Visitor: 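Before we start, here is the structure in question, set down as structure tokens.
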Number of protein chains: 2
Amino acid sequence: MLLKIDMSSSEPIYTQIRDQIILGIAAGELRLGESLPSVRQFAEDVGINMMTVSKGYNLLKEEGYIEIDRRNGAKVKKKIASDPVFKEQAQKKLRLLLAELAVHELTPFEIQQIGEEILSEFQTKKERGE
Amino acid sequence: MLLKIDMSSSEPIYTQIRDQIILGIAAGELRLGESLPSVRQFAEDVGINMMTVSKGYNLLKEEGYIEIDRRNGAKVKKKIASDPVFKEQAQKKLRLLLAELAVHELTPFEIQQIGEEILSEFQTKKERGE
DNA sequence: CTATTTGTATTATATCATATAATACAAATA
DNA sequence: TATTTGTATTATATGATATAATACAAATAG
């Protein structure tokens, strides 16, 4: 799994790490239970600070995507269950995003089209990788 | 159109303003061409600084949602067209959000169900308000 | 013309988020 | 025992966010 960090982005590095790992899981590039690189390895590869990677990993841990311990490092969880708190927050984000799209003269049909494309993209990537 | 600012949120006030105005437009609470409150009025009503409101308005202006001039104040644009840049950025955000949902054991069907609900909520609110 | 109402610019201040750097520590393993 | 994990600590730097108090520019209403 290759990670690209955009140093010129206003998006914080540790959230870039978070986002790409989640996208990686959804697309099957990272499988459930799979190990992530050590924070030192990751930091060296990408050319950033160790603690920034640690911060990204900890965010993923708090959000329930990965588990971390000293002996085994960081691994993608085997079961990432949807709790009510997550679902509500995600719905809020989705509401805003759909509002933006709707306001930009995109029809509900077009919006659903885009959503379907993305979801099927995850599906095909997963099928190819497994 | 009533605006609620959460002072305890980590979300910046000026983006809270932005988000709620976009949601207001999508739901028809704010109509195309309608005037927004003056920055002073807004600031006084909500109990925040004038320049924070100005910052929110300017963000909306840069993103193409409203237009501002000294004589008439701020108004929702009459045509909010979707340019390619916006569409690409929105698609990126949607990709991440759908990835989060998919990883949380939500099926494509359930995800689309949620999306449909939100879109039809906008629609009904609009129909009632007009 | 004058007073009022727009948004904006300026300057200063305060707080927090982000990121780096250089070490040091704790825990487990080979 | 040496190595590899993640973590903690302290310091530093930069930028974002928000407020405060004025002042200015542009247009309108009286």
Side-chain angles (χ1 to χ4, degrees), chain A residues 1 3-22 30 33-78 89 96, chain B residues 1 3-22 30 33-78 89 96:
Chain A
M1 158 123 194
L3 283 177
K4 286 174 191 167
I5 300 301
D6 181 0
M7 301 303 278
S8 70
S9 169
S10 65
E11 180 82 14
I13 296 174
Y14 80 102
T15 57
Q16 289 189 45
I17 292 171
R18 184 204 89 114
D19 293 351
Q20 292 196 36
I21 286 178
I22 293 174
L30 277 171
E34 185 172 340
S35 287
L36 298 177
S38 77
V39 290
R40 285 176 178 80
Q41 185 67 51
F42 194 140
E44 195 183 357
D45 288 351
V46 184
I48 56 177
N49 191 277
M50 190 175 60
M51 295 309 292
T52 304
V53 180
S54 177
K55 196 169 181 181
Y57 280 10
N58 269 282
L59 179 56
L60 286 162
K61 173 185 152 198
E62 281 163 22
E63 292 179 336
Y65 294 101
I66 69 173
E67 50 194 9
I68 310 175
D69 71 73
R70 290 180 193 281
R71 49 194 178 291
N72 297 318
K75 291 183 181 179
V76 179
K77 268 196 181 176
K78 287 185 181 168
Q89 289 176 340
L96 177 62
Chain B
M1 158 123 191
L3 282 176
K4 287 175 192 168
I5 301 300
D6 182 0
M7 302 302 279
S8 69
S9 169
S10 66
E11 181 81 14
I13 295 174
Y14 79 103
T15 57
Q16 288 188 46
I17 292 172
R18 183 201 90 114
D19 292 351
Q20 291 195 36
I21 287 178
I22 293 174
L30 278 172
E34 185 171 340
S35 287
L36 298 178
S38 77
V39 290
R40 285 176 179 79
Q41 185 67 51
F42 194 141
E44 195 184 354
D45 288 352
V46 185
I48 56 176
N49 191 276
M50 192 175 58
M51 295 311 291
T52 305
V53 180
S54 177
K55 195 168 181 183
Y57 280 9
N58 269 284
L59 180 55
L60 286 162
K61 174 185 152 198
E62 282 163 22
E63 292 179 336
Y65 293 101
I66 69 175
E67 49 194 12
I68 309 176
D69 70 72
R70 290 179 193 280
R71 51 194 177 292
N72 297 319
K75 291 182 181 178
V76 179
K77 268 198 180 173
K78 288 184 182 167
Q89 289 175 340
L96 177 61

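A, B, ... follow the sequence lines: proteins, then strands. Residue 1 opens every chain. From a predicted model like this one, the values you see are computed outputs, not experimental measurements.
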Visitor: Taking only N/O atoms, report every protein-nucleotides 19-22 of chain D pair under 3.5 Å with atom names and distance.
Guide:
from: D/dT19; atom 1: OP2; to: B/N49; atom 2: N; distance (Å): 3.3
from: D/dT19; atom 1: OP2; to: B/T52; atom 2: OG1; distance (Å): 2.5
from: D/dA20; atom 1: N7; to: B/N49; atom 2: ND2; distance (Å): 3.4

Visitor: Any side-chain N or O of A/K55 under 4.0 Å from OP1/OP2 of C/dA19?
Guide: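 Answer is no, no contact under 4.0 Å.
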Visitor: If you look at every heavy atom in A/I17 and A/V53, which pair is closest and at what distance?
Guide: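 Between these two residues, the closest heavy atoms are CD1-CA, 4.1 Å.
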Visitor: Below 4.0 angstrom from OP1 or OP2 of D/dT4, is there any side-chain N or O of A/S38?
Guide: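 No.
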Visitor: Could you state the OH-P distance from A/Y14 to D/dG6, rounded to the nearest angstrom?
Guide: 19 Å
Visitor: Closest heavy-atom contact between B/A74 and B/I68?
Guide: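 Residues B/A74 and B/I68, closest heavy atoms: CB-CG1, 4.2 Å.
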Visitor: Both distances under 3.5 Å, Watson-Crick or G-U wobble: on that basis, could you give the dot-bracket string for DNA chain D, with [ ] for crossing pairs and | for other-strand partners?
Guide: ||||||||||||||||||||||||||||||
Visitor: If I take atom CD in residue B/Q41 and atom P in nucleotide C/dT6, what distance separates them, rounded to the nearest angstrom?
Guide: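 Rounded to the whole Å, the gap is 8 Å.
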Visitor: Quickly work out the B/I68 CD1 to C/dT6 P distance and round it to whole Å.
Guide: 14 Å
Visitor: Should A/V76 and A/L60 count as side-chain neighbours, where that means a heavy-atom distance under 4.5 Å?
Guide: no
Visitor: Figure out the NZ/P separation between B/K61 and C/dT6, and round it to whole Å.
Guide: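 Nearest whole value for this atom pair: 18 Å.
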Visitor: Is any side-chain heavy atom of B/L96 less than 4.5 Å from a side-chain heavy atom of A/R18?
Guide: yes
Visitor: What's the shortest heavy-atom distance between A/Q16 and A/D6, and which atoms?
Guide: OE1-N, 2.9 Å
Visitor: Under 4.0 Å: is that the gap between some side-chain N or O of A/S54 and OP1 or OP2 of D/dT7?
Guide: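 Answer is yes, contact under 4.0 Å.
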Visitor: How long is the line joining CD of A/E11 and P of D/dA16, in whole Å?
Guide: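 Spelled out: CD on A/E11 to P on D/dA16 is 14 Å.
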Visitor: Out of C/dA28, C/dG7, C/dA27, which has the shortest distance to the side chain of B/R70?
Guide: C/dG7
Visitor: Measure from CD on A/E67 to C1' on D/dT7 and round the result to the nearest Å.
Guide: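 After rounding, the gap between these two atoms is 18 Å.
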Visitor: So, for A/Y57 and A/P37, which heavy atoms are closest and what is the spacing to 0.1 Å?
Guide: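 The answer is OH-O, 2.7 Å.
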Visitor: Taking all non-hydrogen atoms of both residues into account, name the closest pair between B/K78 and B/G33 and its distance.
Guide: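 Smallest interatomic distance, heavy atoms only, reads CG-CA, 4.1 Å.
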Visitor: Let me know, please, whether B/R40 or A/N58 comes out on the 5' side of the other along DNA chain D by nearest nucleotide.
Guide: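 Its nearest nucleotide lies further toward 5', so the answer is A/N58.
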Visitor: Would you kindly give the CZ-to-P distance between A/R18 and C/dA19, to the nearest whole Å?
Guide: 14 Å
Visitor: Any chance you could lay out the side-chain contact (heavy atoms from CB on, under 4.5 Å) test for A/M7 and A/I48, step after step, and finish with the verdict?
Guide: CA-CA 10 Å; A/M7 301 303 278; A/I48 56 177; 4.2 Å; yes
Visitor: Take the protein atom CG of A/N72 and the nucleotide atom P of C/dA27, then report the distance between them rounded to whole Å.
Guide: 16 Å
Visitor: With sequence neighbours left out, what residues match A/T15 under side-chain hydrogen bond (donor to acceptor under 3.5 Å, both in side chains)?
Guide: A/E11
